*Asks:* 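Pasting a structure here, questions to come.
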Amino acid sequence: MSEIRKTRRLYRNLGYVTVFIYFRFFHAPYDLAETLVPRQGKIMDLGCGYGFFANLLGLASKKRDVMGVEFSDRKLQYADQGVENVRFINEDITKLTVIDCDAIILFHVLHHLHSHNQQQRLLKEAYKKLKKGGKLIVVEIDNKPLWKFLFTVAIDATLYIGNWFYYRTEKQFIELFERLDFTVEKIVPAHRFVPLSHKIYVCRK
Ligand SMILES: C[S@@+](CC[C@H](N)C(=O)[O-])C[C@H]1O[C@@H](n2cnc3c(N)ncnc32)[C@H](O)[C@@H]1O
């Protein structure tokens, strides 16, 4: 059985969360992003939500020591599904004190922060928390193709009524990463076959 199916099975019989994981696994590039994460070492999934990606990472490689961080109690109560190499903590990702990570993941998190400045501060902290050579993996929403971007904004606005979102273009992301001394290794468009404009940035400290 594939790791995606194994992860989905963890969330059986959980009402709307069971429905939501199907929706997320249909459109979000979890499977592609998983292949970009180191197979071993200390992996932090910041803003892990219900823990879908953290659990997938743990199931896909037992050599990963995965920690999911989330400040929503409501979401976190579903995250720990007993995968042995995956832990979760209830914390604000802007105030974390961990160090020496092999990889830090921000999967659909940056545009949900409160400002572009807050994104920059978080990424600066992420840089300090990574080992030399560690990976930063950011999954975000691109402004191209335009119709997919507008569709994504509509979905975000429906799921997070009243919130404002802080998207950036690819050029703006590259400038930001480079300003913070990350090396941008790879940019992977991840919207094939889905109507949302996902893009994955792989950076190295
Ligand atoms: C769109 S969800 C993505 C969840 C998860 N990364 C995924 O892809 O399934 C964004 C998550 O970031 C969390 N988040 C936003 N700001 C945060 C903060 N300062 N500390 C901890 N979690 C935060 C939200 O509560 C939410 O669960």
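Along the sequence shown, residues are numbered consecutively beginning with 1. Both counts, for ligands and for their atoms, begin at 1 and track the order of listing. Model, not experiment: these values are computed from the prediction.
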*Asks:* Regarding Ser115 and Asn117, is there a side-chain donor-to-acceptor distance under 3.5 Å anywhere?
*Replies:* no
*Asks:* For atom 9 (O) of ligand 1, what's the nearest protein heavy atom and its distance?
*Replies:* Tyr30 OH, 2.7 Å
*Asks:* Looking at ligand 1, does any of its N/O atoms fall within less than 3.5 Å of an N/O of His108?
*Replies:* no
*Asks:* Got an N/O contact under 3.5 Å between Arg24 and ligand 1?
*Replies:* yes
*Asks:* Evaluate the side-chain proximity of Val83 to Val66: yes if any heavy-atom separation is below 4.5 Å, no if none is.
*Replies:* no
*Asks:* Centroid-to-centroid, Tyr11 to Tyr50, below 6.0 Å?
*Replies:* no
*Asks:* Closer than 4.0 Å to some heavy atom of Lys75 - which atoms of ligand 1 meet that?
*Replies:* 26 (C), 27 (O)
*Asks:* Can you check whether Phe52 and Phe107 have ring centres sitting under 6.0 Å from each other?
*Replies:* no
*Asks:* Write down the atom of Asp142, the atom of Glu170, and the distance for their closest heavy-atom approach.
*Replies:* OD1-N, 3.7 Å
*Asks:* Which atoms from ligand 1 have a heavy atom of Asp92 less than 4.0 Å away?
*Replies:* 18 (C), 19 (N), 20 (N)
*Asks:* Classify the contact between Cys48 and ligand 1 as side chain, backbone, both or neither, using a heavy-atom distance cut-off of under 4.0 Å.
*Replies:* backbone
*Asks:* With ILVMFWY side chains joined below 4.5 Å, transitively, what does Phe26's cluster contain besides itself?
*Replies:* Val194
*Asks:* So is Leu46 polar-close to ligand 1, meaning N/O to N/O under 3.5 Å?
*Replies:* no
*Asks:* Any N/O of Ser72 closer than 3.5 Å to an N/O of ligand 1?
*Replies:* no
*Asks:* Taking all non-hydrogen atoms of both residues, which atom of Arg74 and which atom of Tyr16 are closest, and how far apart?
*Replies:* NH1-OH, 2.8 Å
*Asks:* Tell me which part of Leu113 gets within contact of ligand 1: side chain, backbone, both or neither, using heavy atoms under 4.0 Å.
*Replies:* side chain
*Asks:* Starting from atom 20 (N) of ligand 1, find the nearest protein heavy-atom neighbour and note its residue, name and distance.
*Replies:* Ile93 N, 2.9 Å
*Asks:* Does only the side chain of Glu91 get under 4.0 Å from ligand 1, or the backbone, or both, or neither? Count heavy atoms.
*Replies:* backbone
*Asks:* Does ligand 1 have an atom under 4.0 Å from some heavy atom of Tyr50?
*Replies:* no
*Asks:* Which of the atoms in ligand 1, numbered in the order shown and given with their element, are less than 4.0 Å from a heavy-atom of His112?
*Replies:* 1 (C)
*Asks:* Would you please name every residue forming a side chain to side chain contact (heavy atoms under 4.5 Å, CB included) with Arg39, sequence neighbours left out?
*Replies:* Glu34, Ala60, Ser61, Arg64
*Asks:* More than 12 foreign heavy atoms under 6.0 Å from NZ of Lys6: is that the case here?
*Replies:* yes
*Asks:* Using distance alone, determine whether Gly47 and ligand 1 share an N or O pair under 3.5 Å.
*Replies:* yes
*Asks:* Nearest non-hydrogen atom to atom 23 (C) of ligand 1 belongs to which of Tyr160, Phe71, Phe53?
*Replies:* Phe71
*Asks:* For Lys186, is the NZ atom crowded, meaning more than 12 foreign heavy atoms sit under 6.0 Å from it?
*Replies:* no
*Asks:* Specify the protein heavy atom at minimum distance from atom 24 (C) of ligand 1: its residue, its atom name, and the distance to 0.1 Å.
*Replies:* Glu70 OE2, 3.5 Å
